[in-house]
There are 2 protein chains.
Amino acid sequence: MTEPRWLNEEEQRTWRAFLWASQLLHDSLDRQLQRDAGIPHAYYVILAMLSEASDRSLTMSQVAEIARLSPSRLSHAAARLEDKGWVARRRNPEDGRQIIATLTDAGLAVVTGAAPGHVAQVRGALFDALTPDQIRQLGEIFGTLLEHLDPDGELTPEP
Amino acid sequence: MTEPRWLNEEEQRTWRAFLWASQLLHDSLDRQLQRDAGIPHAYYVILAMLSEASDRSLTMSQVAEIARLSPSRLSHAAARLEDKGWVARRRNPEDGRQIIATLTDAGLAVVTGAAPGHVAQVRGALFDALTPDQIRQLGEIFGTLLEHLDPDGELTPEP
DNA sequence: GATAGATCCTTGAACTTTCAACCTTCTTCG
DNA sequence: CGAAGAAGGTTGAAAGTTCAAGGATCTATC
């Protein structure tokens, strides 16, 4: 193997700032949701995606694709959320391989209850610290990255 | 509680792009390091931070602060890395409360061996997708965020 | 020079995530 | 039709993380 192109000092600084900041940001979301709703952020995302779907329902693979979760991870998470009575699963009559997950009323109540605190956390930890210009740049940069990292993935809401 | 300021459509898009992209990015690093070095990314960071320290040594709390890990998480991780013979821990003679972690020769070999692939992954997944302007913006944005989220933390290398 | 409190780190249990193996159902095609 | 393979999900075990509690050691203060 040939000598790789190491990161120069500025790249190094940028990379670490990104790493640490996104880690801190994610941890802060996790703590807020664990405190207010008793679930980790990834679980909240599952509930939120279901809450936006028509009939509050999606197949497991749709959830997995939209939320970028592995099938296994989603399966375990769904089992936990089902235990809590926040999600219901049933086989799809039109394709027996699929399982349709539905957000229950109780599940919707959890999302609705946790959403304000969650939004406040996202604002407080991210948007409030940046200028409007930076927010625009952030959107463009991560839009590009998302395309780059997951070219076939569902993009975030209508661009 | 008063009605929160919800995210508008553009903020929503930006937020999700950031969320998904950083998740994909982190997963790709994790997989690469798990494959090439048999450890998750967080463990690699511990080894990397030690490799840069003088005497390849730091106290546990220094590592925790630099790598932004909880004491508990670090403690468990260090135990695993010690099992592998990549890190050694001993009590600090000058302050009996502290534990000094040292990167062993074997540990250094692991970092050295994994580094090229890791850098290539970071370049491929992040820097290569962005313009020089965007890279500069990224650095500024996350530098700001890091200050915002962890005002007292060690900043990334000399600013 | 004691003792209260702070600092530093570890531990065990509960929970989450990953990985590989597996089961079903659907589709394709000879 | 019937077998082979693809698609959709699940499972159990191993590994990683969090949380609350606790054991040492040091510092400050009386």
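Letters A, B, ... mirror the listed sequences (proteins, then strands); counts begin at 1.
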Original post:
Is the shortest heavy-atom distance from the side chain of B:Leu69 to the side chain of B:Ile46 under 4.5 Å?
Top reply: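 Side-chain contact under 4.5 Å: yes.
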Original post:
Taking the nucleotide of DNA chain D with the closest heavy atom to each, which residue, A:Ala79 or B:Pro40, is nearer the 5' end?
Top reply: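 Here A:Ala79 is the residue nearer the 5' end.
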Side chain of [X], heavy atoms from C-beta onward: which of [options] has the nearest atom to it?
{"X": "A:Arg80", "options": "C:dC26, C:dT16, D:dA15", "value": "C:dT16"}
{"X": "B:Ser75", "options": "C:dT10, C:dT16, C:dC8", "value": "C:dT10"}
{"X": "B:Tyr43", "options": "C:dT24, C:dT10, D:dG16", "value": "D:dG16"}

Using nucleotides 18-20 of chain D, report all nitrogen or oxygen pairs with the protein that are shorter than 3.5 Å.
| residue | atom | partner | partner atom | Å |
| --- | --- | --- | --- | --- |
| D:dT18 | O4 | B:His76 | NE2 | 3.0 |
| D:dC19 | N4 | B:Ser72 | OG | 2.6 |

**OP:** Would you please name every residue forming a side chain to side chain contact (heavy atoms under 4.5 Å, CB included) with B:Asp27, sequence neighbours left out?
**Re:**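 Partners of B:Asp27 by the side chain to side chain contact (heavy atoms under 4.5 Å, CB included) criterion, ordered by chain and then number, come out as B:Gln23, B:Arg31.
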**OP:** Please state whether the phosphate of C:dT10, meaning OP1 or OP2, lies under 4.0 angstrom from any side-chain nitrogen or oxygen of B:Arg89.
**Re:** yes
Original post:
Given atom CZ of B:Arg91 and atom P of D:dG23, what is their separation to the nearest angstrom?
Top reply: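 One finds 15 Å between P of D:dG23 and CZ of B:Arg91, rounded.
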Subject >> Rounded interatomic separation in angstrom, taking CD from A:Glu94 and P from C:dC26 >> reply: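 Interatomic distance, CD of A:Glu94 to P of C:dC26: 11 Å.
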Throw together a table of side-chain donor-acceptor distances under 3.5 angstrom for residues 76-83 of chain A, partners on residues two or more places apart or in other chains.
| residue | atom | partner | partner atom | Å |
| --- | --- | --- | --- | --- |
| A:Glu82 | OE1 | A:Arg89 | NE | 3.1 |
| A:Glu82 | OE1 | A:Arg89 | NH2 | 2.8 |
| A:Glu82 | OE2 | A:Arg89 | N | 3.2 |

**OP:** Using the six-membered ring wherever Trp is involved, compare the ring planes of B:His118 and B:Tyr44 and label them parallel, tilted or perpendicular (cut-offs 30° and 60°).
**Re:**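 The arrangement is tilted - the two ring planes meet at 30° to 60°.
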